[in-house]
Amino acid sequence: MAGARTARVRPRLSPFMIGVRSDALVKMARFPSEEWTKLYAEKLNANKSYEDAGKNWEGAITFVVQKDSALDKDAFIYLDLYHGKCRDAKFSLTESDLPTPEYKYAGPYGNWRKLINKEIDPIQGLLTGKFKLQGSMMKIMRFTKAAKEMVNTTASVQTES
Amino acid sequence: MWFFRSPQVVFGDEALSYLSSLPIRRAAIITDRYLLGTELPERVRGALPEGAESLVVGDVSAEPPLSEMTAHLEKVRGFSPDWFVAVGGGSSIDTAKILFALHERPDLTVYDITPLVQLGLRTKSRLIAVPTTSGTGSECTWAAVLSEENEKRKHELASPEILPDYAILDPSLVVSLPPEQTRNTAADAIAHAVEAYGSTWHNPFSDAMAEKALELISENIEGVIRDPWGLGPRGQVHIGASMAGLSFSNSQIGLVHALGHSLGATFKLPHGKAVGLLLPYVVDFNYDACPERYDRLNMLIPPKYRGRRLSGSLRSLLGMMGVARTVRDAGVEEPAYASSMDALVTLALESTGMVTNPKDSGSEDLRNIFIKAFDGD
Ligand SMILES: [Fe+2]
């Protein structure tokens, strides 16, 4: 079932996956997927810098991964964040399956890949229109460090290329 | 993709007279309580085009809360200005930015001023900043700082649309700046240049502004302190401060401002005094994250102040300027400081300066810097 809930990445990217997977002992996951969401939540809960920066944060956020030439369906990663921990993480290809979050951070799949590879800064990404944010700016501006740690955590998930 | 944003900058002798060439019919002049009692508002009025009407809003206090910033909003709206002319330091300019935005868009609150939405300003009016201090750089930035009511917190508002249309840098407007403000605002400008240069968002445009700013200020500030009325050095420091504003406005501030806003808001220290004293400590903390960049900046400081490391050079330069070296020197008492430490750290952690600082830091790092800065190394 997990496979059925994974947005399909077009095959042209697949050659990069061979070899990386075969000898890897670490858990890897395709982005975006249920597996990736689970691994991400684990990594976020292990990230002390995130815990420190998000210790006063309460509120859920959904990462919206929008389809583009390399991803054929929109995907949604819902994260219930509370006092520096991720209490719940859900993945779906149908937004209405997920609880309504306080924030949405949305961008096309290609930009998410760049974000994960640290080629885009998450806030510069917003300021240049590569990502869109929905939700109260006033609150989130006090947690930019936590947001940065959330993005840094994406890089620590072994993500299939 | 990134941007370089700047107002049109008018600078040098008699720059104020440029006002007469602009199509101003109704000017809202926003200034502070101190300047209201001087001849400056009249000078600005006199520089407006013939026949222009004006309204002076003149009771902006230093680092004002929101209620003060917007106290005259209805009066301003009733006057219906086609230009806002901010005359003063950062507080007057930031107040004018907010009044300008809320005059343009009566449906907004200040908290709607964010860079993520198009505000659609400039349908009725435009904005000119005439700084009378050399330091905050607000005349060249798209940010405004406001103090929260009944809270020891500063809120950082930002939108490219509140960047002034013109910045008028007239050295005759800063020669009478008192010594205390001269040194605090210059220290703020130096901090802007150093933070912009170390920022993870630095870029060739912001680098060029930061380098030249540090050079102009560090070469001329001694002359300003020796002879406050000398137009030459004052003019150079004035230009340098605006260039420092352009540098951080187009990259970002860092930990000095994250810590400085927290310290300043908690103990009511002037902004420049707070960031000036913290700057060398943060440079020490950051050094291993960007040694080449700090070494390059160090070479721009005049040899008489230059040490082996940027932090040492800054200590010499800021020391010559009379900037406090420690939090204790700045007048904060130890028991109050110790009991506020958790709150200081939490406030600093919430600043946007945390994310663009060259070195990643967390609560413990901030606490250590605050502790070190109390008595010095
Ligand atoms: Fe500043």
Side-chain angles (χ1 to χ4, degrees), chain A residues 44 46-59 61 64 81 83-84 102-108 110-111 114-115 118-156, chain B residues 1-3 5 66 108-119 142-143 145-146 148 151 153-160 199-203 249-255 258 261-262 342-343 345-357 359-367:
Chain A
L44 193 61
N47 181 339
K48 291 284 167 213
S49 299
Y50 171 71
E51 187 176 1
D52 181 34
K55 65 186 175 213
N56 292 323
W57 174 270
E58 295 174 5
I61 182 163
V64 182
L81 305 168
H83 292 193
E102 192 175 345
Y103 287 92
K104 283 187 204 175
Y105 187 75
N111 289 345
K114 287 183 182 159
L115 192 82
K118 297 194 166 178
E119 292 161 28
I120 294 181
D121 174 285
I123 301 167
Q124 282 187 317
L126 284 172
L127 297 174
T128 52
K130 291 185 169 67
F131 286 89
K132 298 263 184 282
L133 181 76
Q134 272 180 36
S136 157
M137 275 298 291
M138 192 185 154
K139 175 175 163 185
I140 209 163
M141 286 301 280
R142 288 167 45 199
F143 292 92
T144 48
K145 167 74 176 162
K148 184 180 177 181
E149 286 303 328
M150 286 182 73
V151 173
N152 285 347
T153 305
T154 64
S156 68
Chain B
M1 174 167 75
W2 197 232
F3 317 95
R5 295 187 170 106
L66 176 60
L108 299 183
T109 73
V110 281
Y111 300 110
D112 297 316
I113 301 174
T114 87
L116 302 187
V117 287
Q118 209 136 39
L119 300 174
W142 44 288
V145 178
L146 65 90
E148 295 281 356
E151 259 192 87
R153 180 190 299 286
K154 298 209 173 177
H155 195 77
E156 297 152 2
L157 303 173
S159 163
S199 163
T200 54
W201 291 8
H202 73 79
N203 57 74
S249 184
N250 288 287
S251 55
Q252 260 301 306
I253 43 136
L255 216 48
H261 280 163
S262 172
D342 288 344
V345 169
T346 301
L347 262 185
L349 200 62
E350 292 178 356
S351 164
T352 51
M354 289 294 295
V355 294
T356 43
N357 192 64
K359 185 169 173 176
D360 259 341
S361 57
S363 299
E364 276 319 295
D365 301 308
L366 306 191
R367 187 180 303 272

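Chain letters run A, B, ... following the sequence lines, proteins first, then strands; residues in each count from 1. Any value given below was found using the heavy atoms of this structure, including those in side chains, with hydrogens, waters and symmetry copies removed.
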- Message: So for B:Ser351, is it side chain, backbone, both, or neither that comes closer than 4.5 Å to the heavy atoms of chain A?
- Response: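 Contact with chain A is through the backbone of B:Ser351 alone.
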
- Item | Part of B:Ser363 within contact of chain A (heavy atom distance under 4.5 Å) |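 When you check distances to chain A, atoms from both the backbone and side chain of B:Ser363 fall under 4.5 Å.
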
Can you tell me how far the [atom1] atom of [X] sits from the [atom2] atom of [Y], to the nearest 0.5 Å?
{"X": "A:Lys132", "Y": "B:Leu116", "atom1": "NZ", "atom2": "CG", "result": "9.0 Å"}
{"X": "B:Thr200", "Y": "A:Gln124", "atom1": "OG1", "atom2": "CD", "result": "7.0 Å"}
{"X": "A:Lys139", "Y": "B:Tyr111", "atom1": "NZ", "atom2": "OH", "result": "16.0 Å"}

Below 4.5 Å from any heavy atom of chain B, which atoms of [X] appear? Answer side chain, backbone, both or neither.
{"X": "A:Lys48", "answer": "neither"}
{"X": "A:Asp121", "answer": "side chain"}
{"X": "A:Thr128", "answer": "both"}
{"X": "A:Leu127", "answer": "both"}

- Message: With side-chain contact (heavy atoms from CB on, under 4.5 Å) as the criterion, how do A:Lys148 and B:Met354 come out once you've worked through the C-alpha distance, each side chain's angles and the decisive distance to 0.1 Å?
- Response: CA-CA 9 Å; A:Lys148 184 180 177 181; B:Met354 289 294 295; over 6 Å; no

- Message: Apply side-chain contact (heavy atoms from CB on, under 4.5 Å) to residues B:Leu349 and A:Asp52 and explain how you reach the verdict.
- Response: CA-CA 9 Å; B:Leu349 200 62; A:Asp52 181 34; 4.2 Å; yes

- Query: With distance as the sole test, does A:Lys145 use its side chain to make a donor-acceptor pair with the main-chain N or O of B:Asp360 at under 3.5 Å?
  - Reply: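 Pair absent, no side-chain N/O of A:Lys145 close to backbone of B:Asp360.
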
- Compare all side-chain heavy atoms of A:Asn56 with those of B:Glu350 and state whether any distance is below 4.5 angstrom.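 Side-chain contact under 4.5 Å: yes.
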
- Can you find a pair of side-chain heavy atoms, one from B:Val117 and one from A:Met137, that are under 4.5 Å apart?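 Counting from C-beta outward, B:Val117 and A:Met137 never come under 4.5 Å.
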
- Item | Within 6.0 angstrom of A:Glu119 CD, more than 12 heavy atoms from elsewhere |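 Count over threshold, so yes.
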
- Message: With chain A as the partner, which of B:Ser361, B:Gly353, B:Pro160, B:Ala258 has the greatest number of non-hydrogen pairs under 4.5 Å?
- Response: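 Highest number of heavy-atom pairs under 4.5 Å: B:Ser361.
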
